[in-house]
Amino acid sequence: HVLLNFAYYKMSSSDSGHRKGPSAKDNPNYDLCEFLMELSAYERNVTRNTFKSNAYRSAASSLAAYPTRVTGAKEASSIKGIGKRISEKIEEFLSTGKLKKLEKIRTDDTSTALTELTRVSGVGPAKARQLYDAGITNIMELKKRTELLTHHQLIGLKYVEDFEKKIPRAEVQTIERAIRGSLSNMKQQYNMTVCGSYRRGSERSGDVDVLLTYDNVEVERKTVKLEESSSSLTKETNAKNEVAKKRKDISDGSSDEENHNKDNINTKKNRKLKADQKYTTSSPSGSSSDNKSYATNESSSPSANKESASKTNHRAMLQSVVHQLQKDNIVTDQLSLGDTKFMGVCRVPPEECYRRLDIRLLAPEHYYCGILYFTGSDLFNKDMRTQALAAGFTLNEYNIRPMGSTGVPGEPLHVNSELEVFDYIGMKYKQPSERNM
DNA sequence: CATCTGA
DNA sequence: CAGATG
C-alpha cells in the first residue's frame with residue numbers, strides 16, 4: 001500500500017536538475033536509461049499506453065540502480081524490471097549505437113508535436129492530443145488559439161520558457177526573504193520553511209515550495225541550527241533536550257505533557273463528516289467571526305463540526321497569504337488555490353524570470369511531518385517510510401502513528417520537530433542535505 | 001494527493 | 001462527478 005509514484009512524468013519539479021533519478025549523470029548505464037525514458041515518454045504522450053510507459057520507466061530505474069555497465073541482452077534481462085523485449089532493445093542499442101524505433105519516433109510528426117505542446121504547464125497528453133487534432137502542432141500556433149486553453153494553460157503558455165529554466169539557489173533565497181518580509185506584515189504570523197531540493201542544499205531548483213503553518217507549535221524559542229547554514233531557513237525546533245518521548249511510551253498513545261501550546265490548535269481530531277462541504281461557504285451565525293485573526297479556536301457551537309470550520313478558515317488564511325503576496329508584487333499569477341495548496345507564479349523584481357511557486361498551509365500538528373515529507377527526496381521518503389513500518393509505525397505527510405498489531409494505525413503521535421519523527425522510528429537524524437537519495 | 005474543468 | 005494535471 002505504499003504509494004507508487006508513477007504519477008509524475010513531467011520531471012518532478014523541485015529536484016530534477018543535478019540529482020539522482022533514472023538518469024544520474026554518473027551512472028554507468030546513463031545512455032541506456034536515457035533512451036528508455038524517451039521511449040517511456042513516447043508511450044505516455046503519443047500512444048497513451050501507460051503500461052508500456054511505466055514498463056520503460058521502471059526498466060530505466062532498475063538500470064539506474066545497476067552498479068555496472070550492462071553488456072548484453074542476457075545480462076539485461078536478468079535485471080528486475082527488464083524483460084525480453086526491453087532487453088532486446090538494449091542489445092540493439094549496445095551493438096549498433098542506435099535504436100530503429102527511437103529514430104523513427106524522433107522524426108514522427110505527431111510525436112514531436114505532442115512533445116512540444118506538452119511543454120506547456122497544464123497541457124498533458126490528453127489536451128495535447130486534442131490540440132493536435134485541432135490542427136495545432138507547436139507553441140507558436142498555440143498562441144493563436146488561446147481560446148482553447150484553460151486559465152492554467154494560458155499562464156503555462158505565457159511563461160513556457162521561464163518555467164523550463166532552473167532557479168539558482170541564490171534566487172530561491174531572495175524569494176524566500178521576500179516572502180518572509182511580506183508575511184511578517186500580517187496580523188496572523190506564520191512559520192515558514194522552504195522545502196524541496198532547495199532545503200536539501202541543491203544549487204538549482206525547479207520551483208519554490210513553501211510550507212506554512214500558523215503560529216503556536218512551540219517553535220519560537222528553540223531555534224536551533226541543525227540546518228546547514230545557520231542562516232534563515234526554518235526556525236527549526238529540535239532544541240528539545242528531552243527531545244523525544246521514547247519509542248516505548250508511545251504505544252499507549254497516551255495524551256501527554258508538555259505540548260500545551262497556545263490557543264489556536266485544533267486539539268482533537270474529529271471523524272470526517274461528509275456533510276462538511278455544504279457548510280463551507282458560511283459560518284451561519286455571525287458567530288463572533290468578528291475577530292480578525294483567522295486562528296481557529298473558540299468553538300462557539302460545540303457540536304457543530306469543527307472540521308468544516310477549520311477548513312474554511314484554512315482557505316481564508318491561505319487566501320489572505322496569497323493576497324498579501326500579490327499586494328507586495330511577489331505573486332504575479334495564480335494557477336490554483338484551494339484549502340491547503342496554492343500554486344502560482346512569482347517574481348522578485350531585479351530578476352526577470354517568473355518562477356513557479358507552491359504554498360501549502362498546514363495545521364500546526366501536521367507541520368513537521370509535512371516539512372519532512374516535502375523536503376524529500378522521494379527516495380529518502382520511501383526509505384524512511386519503510387523503516388517506519390519496520391519499527392511499527394506508519395508515516396505519511398501529515399503524521400506518524402503507531403501500528404497496532406491488529407494492523408490498524410493508532411492515534412497520531414505528537415511531533416514537535418523533524419528530529420522527533422526520526423527518534424520515534426529509531427532512525428539517526430539526517431540533515432536535509434543528507435536526504436539526497 | 002489537491003485542484004480545476006466541463007458536462 | 002470523472003478525468004486531467006502537476
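Within every chain, numbering begins at 1; the chains are lettered A, B, ... in the order of the sequence lines, protein sequences first and strands thereafter.
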If I take atom CG in residue A:Asp333 and atom C1' in nucleotide B:dC4, what distance separates them, rounded to the nearest angstrom? 16 Å
For A:His314 and B:dT3, give me the distance from atom NE2 to atom P, rounded to whole Å. 11 Å
Please list each protein N or O that sits under 3.5 Å from an N or O in nucleotides 1-4 of chain C, with the distance.
none

Heavy-atom nearest pair, A:Ser62 first then A:Lys80, reads OG-O, 2.8 Å
Backbone N/O of A:Ser197 and side chain of A:Ser202: donor-acceptor pair under 3.5 Å: yes
Rounding to an integer number of Å, can you tell me how far A:Asp339 CG sits from B:dC4 P? 9 Å
Quick one about A:Tyr42 and A:Glu38 (side-chain donor to acceptor, distance below 3.5 Å, no hydrogens or angles considered), yes or no? no
When A:Gln189, A:His314, A:Gln188 are each screened for side-chain hydrogen bond (donor to acceptor under 3.5 Å, both in side chains) with A:Tyr214, the one that passes is A:His314
Looking at the side chain of A:Ser336, which of B:dA2, C:dG6, B:dC4 is the nearest nucleotide? B:dC4
Between the side chains of A:Thr193 and A:Tyr367, does any donor sit under 3.5 Å from an acceptor? yes
To the nearest angstrom, the CZ-C1' distance between A:Phe374 and C:dG6 comes to 12 Å
Separation of B:dA2 atom P from A:Met343 atom CE, nearest Å, is 13 Å
Sequence neighbours excluded, which residues qualify as ring pair (Phe, Tyr, Trp, His ring centres under 6.0 Å) partners of A:Phe380? none
Measure from CZ on A:Arg355 to C1' on C:dG6 and round the result to the nearest Å. 18 Å
Ring centre gap for A:Tyr368 and A:His414 strictly below 6.0 Å: no
Under 4.0 Å, heavy atom to any atom of DNA chain B: which of residues 143-162 of chain A qualify? A:Thr150, A:His151
Cationic tip of A:Arg315 within the cone over A:Phe342's six-membered ring, i.e. under 6.0 Å and within 45° of the normal? no
Please report, rounded to the nearest Å, how far the C1' atom of B:dC1 is from the NE2 atom of A:His366. 14 Å
Could you check how far CG of A:Asn396 sits from P of B:dA2, rounded to whole Å? 11 Å
Taking any heavy-atom pair under 4.0 Å as a contact, classify A:Tyr398: base, sugar-phosphate, or nothing. sugar-phosphate
Check the side chains of A:Ser121 and A:His152 for a donor-acceptor pair under 3.5 angstrom, ignoring hydrogens and angles. yes
